[in-house]
Chemist: 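Next up is a structure, given as structure tokens.
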Amino acid sequence: MENKKQGENHCMNTIGCIRATLGSTEYYIAKMTAGQIIDMVGFAMEMPEWDQMSADEKMQRTLDVNRVVSDLVPYVVEDPDKFFGCLIIDIYRGFEEMEFESVATVIPNLPAAYKQPLKDMGFLTLPGNERLIALDGQHRLLSLKVAIKGIMGIPASMNKISPSWNSLKPHPELASEEISVIFVEHTDTTKIRKIFNKVNRYARQTSRSDNIITSDDDIFAVIARRLISPGEPLAPIDNIDLVNWKNNTLSTRSKQLTTLSALYTISETLLRDNKFSSKMLPDAEKVEEAYKFVSDFWRIFLDKINAFRQYITLTEQNCPVSGLRESNLLLKPVTQMALAHTARMAQLKGISWEEIVKKINEIDWSFENDLWFNILIIPSANKKMITGKEAIRGAGMVISYLVMGDKMSKEEIADVTQIIHNARNDDAAELPQIV
């Protein structure tokens, strides 16, 4: 940090800004180019005294470089609609010598209508030997640095360099991008730590449903939303939503068949072999092809699976579906997600979904069927569903065995056998009968 980029030549830096006050904290709102920011602002962990600081003195957490490289850098480099919130910059050293000059002071003969608004608009001049630290937004700062400089933007303090980082290419054209910043003075370490803590503690993460609803570069989210659009397989029936797009669960009295989160997971499972990224939308032709594949899954299942046909009939008549949901596991999103694993395996083995559906209708999907104990449901009084990616995959493997066990490999059957043994807690437990 003690280098020319931090101002050893003592060349003053002047930045246009707005002065503001919140509580006891005076701060300054400004914009800077990405190039200015990566040259002037450093990371707390790079300070020479960082290793000697106590936990009470440190005001930052450790950088997660892997997350920056895998998630943030591609976003900065590839997305033309990228956007960042303000970086909060701690003036760690040099705040005693900085000076704010108001436009109203510099231009004393302003008309009266301008004087009051312009008294807090002006210029912040830093002494040139200041030390600026990213208080909030250090991962965004690092993403800018790596995006612009490539692997040379990785902090020298990183002990382990991943071989995959060598492919990082510099994009110097991004240096002209403009970023909003907030400057705060480091007058009190306790106060600065408090600001960092509160900014992060009270920042609420968007929900999974919110992310699916708003994401336009995630193909699985785009497909999930389209499935519930008018004219599509899961569109509302007479203003009754078939899909809960507000949260990830269905209540006992819910009239909905599934959740938006389940649609996302099912799309992700069905399209796994296409190696789509959730961070970048492919071209329109590939999106359309992928959507047709997923929508065909839903059209066939809704039209051919008896439990789903019953659900549609009840919904068309505006009748309650809670009884059906509480008696048939197919009305549970967890089971639907497991079916996606079965459909994927059928596709890999060249078996049509129509053929699979016929056998699905022959399976006992009741909550009392002990086949599903510790696979889909916990065998307790309330028969709670078992969630989690591995549990859903395991249920999908068991369903696959029921409908196409004679087409499965020895390794796949061994996998199903282990799932059954674990569920029964019995290494002698036998596989169920193939339908």
Side-chain angles (χ1 to χ4, degrees), residues 224 227-228 233-234 237 240-244 248-267 269-270 294-317 319-346 351-379 382-388 391-404 423 432-435:
L227 285 167
I228 64 176
L234 291 159
I237 295 175
I240 299 173
D241 288 331
L242 305 192
V243 176
N244 184 345
N248 300 330
T249 58
L250 297 179
S251 67
T252 302
R253 295 185 179 182
S254 173
K255 290 188 175 183
Q256 290 138 352
L257 172 66
T258 191
T259 67
L260 191 64
S261 178
L263 294 190
Y264 182 99
T265 300
I266 289 168
S267 301
T269 300
L270 292 174
V294 176
S295 63
D296 282 350
F297 165 89
W298 279 106
R299 289 186 197 281
I300 292 168
F301 275 37
L302 290 170
D303 187 50
K304 303 293 184 181
I305 291 180
N306 294 338
F308 292 165
R309 291 171 64 184
Q310 286 179 266
Y311 166 82
I312 295 296
T313 299
L314 289 170
T315 303
E316 288 173 340
Q317 297 171 354
C319 295
V321 298
S322 54
L324 181 61
R325 175 173 292 112
E326 295 311 308
S327 64
N328 194 307
L329 284 164
L330 288 174
L331 271 288
K332 295 287 189 177
V334 167
T335 311
Q336 296 157 16
M337 289 186 278
L339 283 177
H341 286 276
T342 300
R344 176 173 173 266
M345 181 172 286
I351 303 171
S352 71
W353 290 352
E354 288 88 344
E355 185 178 341
I356 294 298
V357 166
K358 290 177 185 177
K359 296 184 178 182
I360 285 173
N361 283 329
E362 296 179 36
I363 296 172
D364 178 3
W365 293 104
S366 71
F367 283 74
E368 308 308 318
N369 183 357
D370 60 8
L371 169 62
W372 306 120
F373 292 175
N374 295 319
I375 291 175
L376 279 173
I377 51 178
I378 299 171
N382 61 0
K383 299 291 194 302
K384 187 177 179 181
M385 301 298 294
I386 301 173
T387 59
I392 291 170
R393 186 202 71 82
M397 288 297 295
V398 173
I399 298 169
S400 297
Y401 181 80
L402 290 173
V403 297
M404 56 181 138
Q433 283 290 115
I434 297 173
V435 175

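Quick note: numbers below take in every heavy atom, side chains included, and nothing from hydrogens, waters or symmetry partners.
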Chemist: Under a 4.5 Å cut-off applied to non-hydrogen side-chain atoms, are L329 and N369 in contact?
Modeler: no

Chemist: Counting C-beta onward and ignoring hydrogens, is there a side-chain heavy-atom pair between I363 and W372 closer than 4.5 Å?
Modeler: yes

Chemist: Is there a side-chain contact between F367 and M385 in this structure, where contact means two heavy atoms from C-beta onward sitting under 4.5 Å apart?
Modeler: yes

Chemist: When you compare the side chain of T249 with that of N244, does any pair of heavy atoms fall below 4.5 Å?
Modeler: no

Chemist: Identify the two heavy atoms, one from V334 and one from I392, that lie closest to each other, and give their separation to 0.1 Å.
Modeler: CG1-CG1, 4.1 Å

Chemist: Quick check: does any side chain N or O of N328 sit under 3.5 Å from a backbone N or O of F308, one acting as donor and the other as acceptor?
Modeler: no

Chemist: Heavy-atom distance under 4.5 Å between the side chains of T315 and K255, does that happen here?
Modeler: no

Chemist: When you measure from the side chain of T335 to the backbone N and O of L331, does any donor-acceptor pair fall under 3.5 Å?
Modeler: no

Chemist: Can you tell if the side chain of E368 reaches within under 4.5 Å of the side chain of K383, non-hydrogen atoms only?
Modeler: yes

Chemist: Using a strict 4.0 Å threshold on nitrogen-to-oxygen distance, state whether K332 and E326 make a salt bridge.
Modeler: yes

Chemist: Please check if atom NZ in K359 has more than 12 non-hydrogen atoms from other residues, nucleotides or ligands closer than 6.0 Å.
Modeler: yes

Chemist: If you look at every heavy atom in L376 and A395, which pair is closest and at what distance?
Modeler: CD2-CB, 3.6 Å

Chemist: Test your reading of the model: is there a side-chain donor-acceptor pair from W353 to the backbone of A343, 3.5 Å cut-off?
Modeler: yes

Chemist: Evaluate the side-chain proximity of V321 to Q310: yes if any heavy-atom separation is below 4.5 Å, no if none is.
Modeler: no

Chemist: Is there side-chain contact between I360 and W365, with at least one heavy-atom pair below 4.5 Å?
Modeler: yes

